[in-house]
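Step one of this worksheet: look at the structure below.
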Amino acid sequence: MASSPISNLFLLLLSLLPFLPIFSASNVNPSSSLSANGDNSSWISPSGDFAFGFYQLNNTNTFLLAIWYANIPDKTIVWHANTTNPVQAGSKVELTASGLTLNDPNGQTIWTAQPNTTVSYGTMLDTGNFVLSDTNSNFVWESFSYPTDTILPTQILPLGGMLYSKFSETNYSKGRFELHFTNGGDLELNRVAWPSELLYLPYYSSRPANLNSSESGFQLVFNQQADIYIEKENGGVVPLWQNITQSSNSYYRATLDFDGVFREYTYAKTSVSGQSWSIVRYIPDDICMVLINPQLGSGACGFNSYCIANSGTPSCHCPPGYSFMDPNNNFGGCKPNFPQGCGVDDGTKKSEDVYDLAEIQGVNWPFGDYDSLGPYNHTQCKQSCLNDCLCDVAIFSNTTCWKKKLPLSNGKFEFAVAIFKEFGEEERAILTDWAYDCYMNGRLDILVDNDEAAIEDNVTLSRWILTAIWCIQEDPSKRPTMKMVTQMLEGYVDVPIPTTTTFSYSSS
Ligand SMILES: *[C@@H]1O[C@H](CO)[C@@H](O)[C@H](O)[C@H]1NC(C)=O
Ligand SMILES: *[C@@H]1O[C@H](CO)[C@@H](O)[C@H](O)[C@H]1NC(C)=O
Ligand SMILES: *[C@@H]1O[C@H](CO)[C@@H](O)[C@H](O)[C@H]1NC(C)=O
Ligand SMILES: *[C@@H]1O[C@H](CO)[C@@H](O)[C@H](O)[C@H]1NC(C)=O
Ligand SMILES: *[C@@H]1O[C@H](CO)[C@@H](O)[C@H](O)[C@H]1NC(C)=O
Ligand SMILES: *[C@@H]1O[C@H](CO)[C@@H](O)[C@H](O)[C@H]1NC(C)=O
Ligand SMILES: *[C@@H]1O[C@H](CO)[C@@H](O)[C@H](O)[C@H]1NC(C)=O
Ligand SMILES: *[C@@H]1O[C@H](CO)[C@@H](O)[C@H](O)[C@H]1NC(C)=O
């Protein structure tokens, strides 16, 4: 039998079938629904890279209606419905001809995505965009149009577009920072006067790179090549960063993190055990410095704290005798562990008997002094604060002594000595914790008060500090013998990094 052209065509089509993208397979039809019941029910993109559905929050029975990376162990969320609170188990999202409706377990509607046209179907795209389409397959709603803290390659922020950070690493409530692509076409990062909605002046602005208003920006683009730039009305481009060498085998995302840093991250698609998101680039360079505001607010770390940035990542620390206000959130500021101010003692004891003084080098709270005295030496400065019941902290630098009351704000790395009043014998304990923190944050320079020679011989310095930390381990069996100590100090043996942070101060 001679093959007809028609049957040839049929065979050809049949052979092509496995290579045709099967879009329909991933489409979600009206009357489909998902329930928050802990079985990870979701709608997956064709490649399996992204999922839309209920994401169970760590160790809770609450969920976010979210989009996340579904193909990697670290199921990072890239979008979530902006409900006021996470939703309870038993909540349900349904796709109907009018769009998406999220109901709580009692059937109360708590969130909707309802465009003004009839919806034919929904699709979780491989880009991470969940879209609703009309009968002509036009997108009538896109999650990309309502970003939370993250944008993805191929996503665009139009004029007036914004991102908002989450509250903390694990709390997805609206946090303390916003990214705005302003109506003037500039990219700005702002701190929120949390918990109000008021914004402080931007701590980052693309304006200097974008000055010529005759050609202002009109959209912020995150392109397929993982570059982020402002595109101008006239087609010109203002790069936000230098271009990177993009790997097609990696995921990319850009997130306004809860610490106020806007970071681009990458993650290799091929499984590498123990892999986590790595930072490609970030703005601003030093969040601790840019959040300093002489008039208002606490700085990056909250009141009574100080901030140290390491490769753009801030870490927050409490001064001696203070501890984190919220032990689960280092960015929430610190509180003193003892009563403050005048009237604390009944006046029968000398202040020397009530208070100890603790000092830290290389930290300053540069604003809000109530007095400055000088020329004073270090001893006079300490004595002056000790004898003054209003004085909670004194800063000594050169020959000047600045006196301060709480709360302290905008604490940062600077050449100065901060003198703290504290009750009792805690100071050595706290200073040791501080030394350990400095070591773990790679800031030995602060420990040795910027002694150039010491910093240059970083290897020796590290060895000595680690040895010291081993010698004061609370568990005596963990302390090295004297012979071992000698060998550690001289570099004959490697000094491992201690993992326990409980220390002993007895002079035994
Ligand atoms: C849901 O996902 C989590 C995290 O991937 C996993 O540990 C858990 O076993 C999954 N639950 C079910 C019912 O599949
Ligand atoms: C989940 O909770 C456990 C225990 O509280 C904690 O160790 C872990 O780091 C948490 N994971 C995330 C991703 O928050
Ligand atoms: C969620 O976003 C929509 C659209 O941007 C906005 O109108 C609404 O007020 C937001 N809801 C909450 C709870 O923030
Ligand atoms: C429907 O929504 C689109 C986009 O949100 C808008 O441009 C259009 O004017 C709306 N149509 C009607 C009839 O409201
Ligand atoms: C998240 O943070 C907000 C703001 O502080 C708080 O109201 C809420 O209770 C927190 N949520 C959780 C689950 O801790
Ligand atoms: C601003 O842009 C206009 C039009 O592109 C150009 O003629 C002008 O020289 C530019 N001005 C500056 C200061 O670059
Ligand atoms: C950087 O990327 C932009 C946009 O993709 C492109 O126009 C430009 O030529 C690139 N610049 C360099 C130096 O590669
Ligand atoms: C500090 O100044 C006082 C008063 O001038 C003086 O008595 C004291 O010796 C000085 N201390 C030091 C360490 O220089």
Side-chain angles (χ1 to χ4, degrees), residues 36 38 54-66 68 75-77 79-91 102 104-105 110-111 148-150 163-178 190-200 255-260 291 297-305 314 316 323-335 350-352 357-359 361 371-388 391 394-403 407 416-419 449:
F54 288 103
Y55 183 103
Q56 184 161 13
L57 293 175
N58 197 14
N59 295 327
T60 69
N61 208 20
T62 61
F63 300 79
L64 292 177
L65 181 61
W68 63 89
K75 306 235 170 311
T76 314
I77 291 181
W79 176 91
H80 64 92
N82 65 344
T83 51
T84 318
N85 295 306
V87 303
Q88 302 299 313
S91 300
L102 171 60
D104 72 10
I110 44 183
W111 179 87
T148 48
D149 62 355
T150 296
L163 306 180
Y164 52 90
S165 70
K166 57 187 180 183
F167 185 75
S168 70
E169 193 69 58
T170 51
N171 182 331
Y172 289 79
S173 293
K174 190 172 178 304
R176 301 180 300 140
F177 300 95
E178 292 180 4
N190 297 84
R191 188 158 55 103
V192 180
W194 198 90
S196 78
E197 292 286 315
L198 199 76
L199 296 183
Y200 292 104
T255 301
L256 177 63
D257 284 316
F258 73 93
D259 59 11
L291 287 185
S298 62
C301 284
F303 290 106
N304 300 326
S305 65
C316 298
S323 50
F324 289 117
M325 204 100 73
D326 171 359
N328 298 317
N329 176 18
N330 292 1
F331 288 78
C334 307
K335 60 178 189 323
K350 292 204 318 196
S351 43
E352 281 89 339
L357 293 178
E359 294 185 3
Q361 308 275 345
D371 209 353
S372 82
L373 305 169
Y376 266 20
N377 62 27
H378 188 190
T379 316
Q380 288 170 299
C381 186
K382 288 201 304 198
Q383 202 58 43
S384 169
C385 186
L386 198 55
N387 294 339
D388 175 356
C391 179
I395 304 287
F396 180 68
S397 178
N398 260 326
T399 56
T400 309
C401 180
W402 288 275
K403 293 206 268 184
V417 182
I419 301 161
D449 195 18

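Whatever order the structure lists ligands and atoms in, that order sets their numbers, starting from 1. Along the sequence shown, residues are numbered consecutively beginning with 1. Bear in mind that the values here come from a model prediction, so they are computed numbers and not experimental data.
- Scanning all protein heavy atoms for the shortest distance to atom 12 (C) of ligand 8 gives N377 ND2, 3.2 Å.
- The T379 neighbourhood of ligand 8 comprises atoms 11 (N), 13 (C), with distances under 4.0 Å to a heavy atom of that residue.
- Side-chain N or O atoms of S91 include none that pairs as donor or acceptor with a backbone N or O of V87 at under 3.5 Å.
- For atom 2 (O) of ligand 8, a protein non-hydrogen atom is found at a distance below 4.0 Å.
- Among all non-hydrogen protein atoms, the one lying nearest atom 14 (O) of ligand 5 is N171 ND2, 3.5 Å.
- Looking at every heavy atom in both residues, I77 comes nearest to T150 through O-OG1, 4.3 Å.
- Protein heavy atoms are absent from the 4.0 Å sphere centred on atom 9 (O) of ligand 5.
- Between C385 and C401, a gap of 2.5 Å or greater is found separating the two SG atoms.
- With respect to F167, the ring pair (Phe, Tyr, Trp, His ring centres under 6.0 Å) criterion is satisfied by exactly one of W194, Y172, F177: W194.
- The N/O atoms of W194, backbone and side chain alike, include none that comes under 3.5 Å of an N/O atom in ligand 5.
- When heavy-atom distances to ligand 8 are checked against a 4.0 Å cut-off, H378 has no atom that comes that close, whether in backbone or side chain.
- With hydrogens left out, the protein atom closest to atom 4 (C) of ligand 8 is Q380 NE2, 3.4 Å, a heavy atom.
- Checked by atom type, the side-chain pair S173/N171 shows a donor-acceptor distance below 3.5 Å.
- Side chains of F324 and N329 form no contact here, defined as non-hydrogen atoms less than 4.5 Å apart.
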